[in-house]
Protein chains: 2
Amino acid sequence: MDKDISQAVIGRLPRYLRYLGELKDKNVERISSSELSVLMKVTASQIRQDLNNFGGFGQQGYGYNVDYLYNEISKILGLEHQYNFIIIGAGNLGKALGGYLNFEKRGFILKGMFDKAPELIGTDVRGVKVMPMEDLPSFIRNNSIDIAVLTIPKEGAVPVSKVLVDNGIRAIWNFAHVDLDVPEYVQVENVHLSDSLMKLSYNISSYNENNA
Amino acid sequence: MDKDISQAVIGRLPRYLRYLGELKDKNVERISSSELSVLMKVTASQIRQDLNNFGGFGQQGYGYNVDYLYNEISKILGLEHQYNFIIIGAGNLGKALGGYLNFEKRGFILKGMFDKAPELIGTDVRGVKVMPMEDLPSFIRNNSIDIAVLTIPKEGAVPVSKVLVDNGIRAIWNFAHVDLDVPEYVQVENVHLSDSLMKLSYNISSYNENNA
DNA sequence: GTAGAATTGACAATATTTTAACATAAGTTG
DNA sequence: CAACTTATGTTAAAATATTGTCAATTCTAC
């Protein structure tokens with residue numbers, strides 16, 4: 001029944017949510033698409049179009065109720081669910097993500113961390129112990145883990161992703177610099193940091209060339 | 001003179017570079033757009049179209065020379081330059097980025113780290129010492145810093161970005177969960193990790209709903 | 001309660017992006 | 001070296017995405 005929403009639209013929803021959250025904090029009760037468009041530096045038309053993919057959240061002559069819209073977007077993004085997640089790779093990046101408290105507020109609960117380095121086993125991040133890789137399969141099966149976060153070097157990522165999928169993982173947040181090859185029913189969100197840095201590099205050089 | 005290349009195209013270049021690098025490592029000398037399209041799971045047409053934004057790198061009947069194309073894309077991305085960068089925020093995320101050796105291979109040289117927490121001052125990441133925020137302005141001016149990486153909580157990000165820009169920074173890699181407000185001549189690349197996690201959350205719930 | 005102002009949701013018009021098609025040039029084979 | 005194959009670069013077509021417009025509805029003020 002859901003028509004297919006483009007990833008471009010989905011990609012904008014978290015930003016809407018962020019701005020609406022800020023408005024909530026400032027006790028703003030209502031906002032029109034054109035006011036919001038000024039704040040967010042996008043067109044009012046785009047805001048209305050995006051929101052109307054999911055149904056009419058506003059009211060003519062009034063605009064949008066901030067609280068209501070915030071909650072609706074949260075629901076669309078699936079943030080009313082609770083997700084259990086594990087982190088594979090307990091280096092600085094893994095620890096950073098494990099320590100990020102805002103994820104927990106959104107319903108993402110860190111259940112375990114794994115690493116192959118013996119010296120890391122047993123250390124903990126906010127009370128969550130780092131376990132050896134051998135324990136991974138049984139841990140996933142026994143703790144209803146929804147999401148696996150991959151913060152290991154690219155060499156290990158593909159084999160580890162196979163272990164994850166074989167043991168029932170259906171969503172991977174992939175920070176390894178490689179494309180995973182998983183069945184279509186497994187959702188993968190890639191964060192390729194060096195790609196992002198290269199884009200910045202391009203924009204620096206391109207700006208410099210055009211303004212030399 | 002450069003016509004304006006869309007950010008969609010730029011965003012794909014690092015991935016091309018990654019696959020070409022792997023082919024180089026395997027001593028593959030030449031590749032056609034259709035072979036590459038199979039590897040990368042995109043259309044051959046898109047590859048040719050993307051590359052032709054920058055000129056003809058291939059040869060009819062032959063395809064593309066892997067080494068040559070790799071170098072050309074590197075140049076386009078500005079990777080033949082060397083960039084000095086600093087990291088503001090020496091928490092786990094800052095340390096993770098500072099410790100990532102591949103950045104150095106690409107010409108991104110970590111020159112300094114900064115934090116406001118007294119207990120972090122003087123600690124070091126790969127020989128680079130963490131300095132107090134007071135030293136930031138003079139350090140930028142005296143060490144030709146090109147890029148500042150912002151890995152601090154959102155509250156501090158906007159004021160710190162003003163200090164950066166006032167002291168000559170022209171590029172910011174922003175991990176703080178807030179939109180910066182900087183002059184147009186300052187390049188900003190945002191990495192909003194929680195946005196990325198929310199996208200994953202959406203795709204999980206959306207898949208579940210459509211396959212219930 | 002009525003008139004006027006505000007603002008959505010829907011639709012139409014543009015603009016951009018992606019994919020397909022193909023003429024042309026270069027490589028390859030016997 | 002001629003015929004055939006390969007594969008680019010380019011142009012055209014199709015698909016998506018974004019922006020603009022406006023009728024219809026609701027709010028607000030008097």
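Atoms considered below: every heavy atom in the structure, side chains included; atoms not considered: hydrogens, waters and symmetry mates. Convention: sequence-line order gives letters A, B, ...; per-chain numbering from 1.
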Whole-Å gap separating [atom2] ([N]) and [atom1] ([X]):
{"X": "A:Gln49", "N": "C:dT14", "atom1": "CD", "atom2": "P", "value": "16 Å"}
{"X": "A:Gln7", "N": "D:dT16", "atom1": "CD", "atom2": "P", "value": "14 Å"}
{"X": "A:Ile10", "N": "D:dT16", "atom1": "CD1", "atom2": "P", "value": "16 Å"}
{"X": "B:Glu35", "N": "D:dA7", "atom1": "CD", "atom2": "P", "value": "6 Å"}
{"X": "B:Asn53", "N": "D:dT10", "atom1": "CG", "atom2": "C1'", "value": "12 Å"}
{"X": "A:Asn65", "N": "D:dT26", "atom1": "CG", "atom2": "P", "value": "16 Å"}
{"X": "A:Gln46", "N": "D:dA17", "atom1": "CD", "atom2": "C1'", "value": "8 Å"}
{"X": "A:Phe57", "N": "C:dT8", "atom1": "CZ", "atom2": "P", "value": "14 Å"}

Q) Do you know which of A:Phe85, A:Phe103, A:Phe108 makes ring pair (Phe, Tyr, Trp, His ring centres under 6.0 Å) with A:Trp173? A)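 Among A:Phe85, A:Phe103, A:Phe108, the one meeting ring pair (Phe, Tyr, Trp, His ring centres under 6.0 Å) with A:Trp173 is A:Phe103.
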**Q.** B:Asp181 and A:Lys41 ion-paired at < 4.0 Å
**A.**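 A salt bridge is present here (some side-chain N lies under 4.0 Å from a carboxylate O).
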Shortest side-chain distance from [X], nucleotide among [options]:
{"X": "B:Asn52", "options": "D:dT18, D:dA24, D:dT10", "result": "D:dT10"}
{"X": "A:Arg30", "options": "D:dT19, D:dT28, D:dT10", "result": "D:dT28"}
{"X": "A:Ser6", "options": "D:dA17, C:dT8, C:dT18", "result": "D:dA17"}
{"X": "B:Gln60", "options": "D:dT19, C:dT28, C:dA26", "result": "C:dA26"}
{"X": "B:Tyr62", "options": "C:dG27, C:dA12, C:dT19", "result": "C:dG27"}

With a 4.0 Å limit, can you tell me whether [X] has a side-chain N or O closer than that to the phosphate oxygens OP1/OP2 of [N]?
{"X": "B:Arg12", "N": "C:dT17", "answer": "no"}
{"X": "A:Gln59", "N": "D:dC27", "answer": "yes"}
{"X": "B:Arg48", "N": "D:dT11", "answer": "no"}
{"X": "B:Tyr64", "N": "C:dA26", "answer": "no"}

(Q) By nearest heavy atom, map A:Ser33 and B:Ser45 onto DNA chain C; which one lands nearer the 5' end? (A)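 Looking at the nearest nucleotide for each, A:Ser33 comes out on the 5' side.
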Q | DNA chain D: 5'-proximal contact among A:Gly61 and A:Val9 (nearest heavy atom) | A |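 Of the two residues, A:Val9 wins.
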(Q) Other residues, nucleotides and ligands only: do more than 12 of their heavy atoms fall within 6.0 Å of NZ on B:Lys24? (A)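 More than 12 heavy atoms, drawn from other residues, nucleotides or ligands, come within 6.0 Å of this atom.
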(Q) Determine whether a donor-acceptor pair (N or O, by modelled atom type, separation under 3.5 Å) exists between the side chain of B:Asn203 and the backbone of A:Gln187. (A)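 It does not hold such a pair.
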(Q) Do B:Thr43 and B:Gln46 pair up side chain to side chain, a donor and an acceptor below 3.5 Å, judged on atom types alone? (A)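 No, no side-chain donor-acceptor pair sits under 3.5 Å.
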